[in-house]
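Computed from a predicted structure; not experimentally measured.
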Amino acid sequence: RPLIICFSDTPTEKGVISFFMAVVTRAVREFLNHPAGPKTIFFWAPTFKWGLVIAGLADINRPCEKLSYNQSGALAATGMIWSRYSLVIIPKNYNLFSVNMFVAWTGLYQLYRIYTCKPKADVTTAIKSD
């Protein structure tokens, strides 16, 4: 039983605090023992994948002439594919879903920047050269 520190000795306040501690403890226990919880690779792989999102956000300041169609397209495509997959598997992995949606959004945004930055003639030659 956890130690409960209470500034009042009324049974009602002690009961409320005990109930709150039991609920929090149960929620933490359920989180730890979830099939996609932190004891599994299904938690840690998407968590580390947030590095791709951070790298994509860092590329927002990069000049659009230095962005790659292939890289941005690959990020957008894999983000959309894995987002769909994360909602089909059992158990549903919302951590995987959220990180892949952000990967897709950053890839699509970079593709939009490349498309709007370059003149139309340069776009077709850049696609062929990549």
Looking only at non-hydrogen atoms, find the nearest pair between [X] and [Y] and report the distance.
X      : Y      : answer
Arg113 : Arg62  : NH2-O, 2.6 Å
Ser83  : Gly79  : OG-O, 2.6 Å
Trp50  : Pro46  : CD1-O, 3.3 Å
Ala76  : Leu111 : CB-CD1, 4.3 Å
Pro35  : Pro91  : CB-CG, 3.5 Å
Asp59  : Gln71  : OD2-NE2, 4.3 Å

Once rounded to the nearest 0.5 Å, what's the spacing between atom [atom1] of [X] and atom [atom2] of [Y]?
X      : Y      : atom1 : atom2 : value
Cys117 : Gln110 : SG    : CD    : 11.0 Å
Leu87  : Leu96  : CG    : CG    : 8.5 Å
Met101 : Phe97  : CE    : CZ    : 5.0 Å
Met80  : Leu75  : CE    : CG    : 10.5 Å

| said: With clusters defined by side-chain heavy atoms of hydrophobic residues (ILVMFWY) lying less than 4.5 Å apart, directly or transitively, does Val103 cluster with Leu57? | reply: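 Result: yes, single cluster for both.
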
| message | When you measure from the side chain of Ser72 to the backbone of Tyr69, do you find a donor-acceptor pair of N or O atoms at a distance under 3.5 Å? | response |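 No: the side chain of Ser72 does not pair with the backbone of Tyr69.
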
| request: Please state whether the rings of Trp44 and Phe48 are parallel, tilted or perpendicular, taking 30° and 60° as the class boundaries. | output: tilted

| query | Out of Asn93, Leu52, Val53, which residue meets the side chain to side chain contact (heavy atoms under 4.5 Å, CB included) rule with Val99? | reply |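 Single side chain to side chain contact (heavy atoms under 4.5 Å, CB included) partner of Val99 among Asn93, Leu52, Val53: Val53.
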
| Just checking, any donor-acceptor pair under 3.5 angstrom between side chains of Asn100 and Ser86? |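 There is no such pair (donor and acceptor under 3.5 Å, judged by atom type) between the side chains of Asn100 and Ser86.
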
| task | May I ask you to check whether over 12 heavy atoms, not counting those of Phe31, lie within 6.0 Å of atom CZ? | result |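 Yes.
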
| Are any of the side-chain heavy atoms of Trp105 and Phe102 separated by less than 4.5 Å? | yes

| So do the side chains of Phe42 and Asn95 get within less than 4.5 Å of each other, counting heavy atoms only? | no

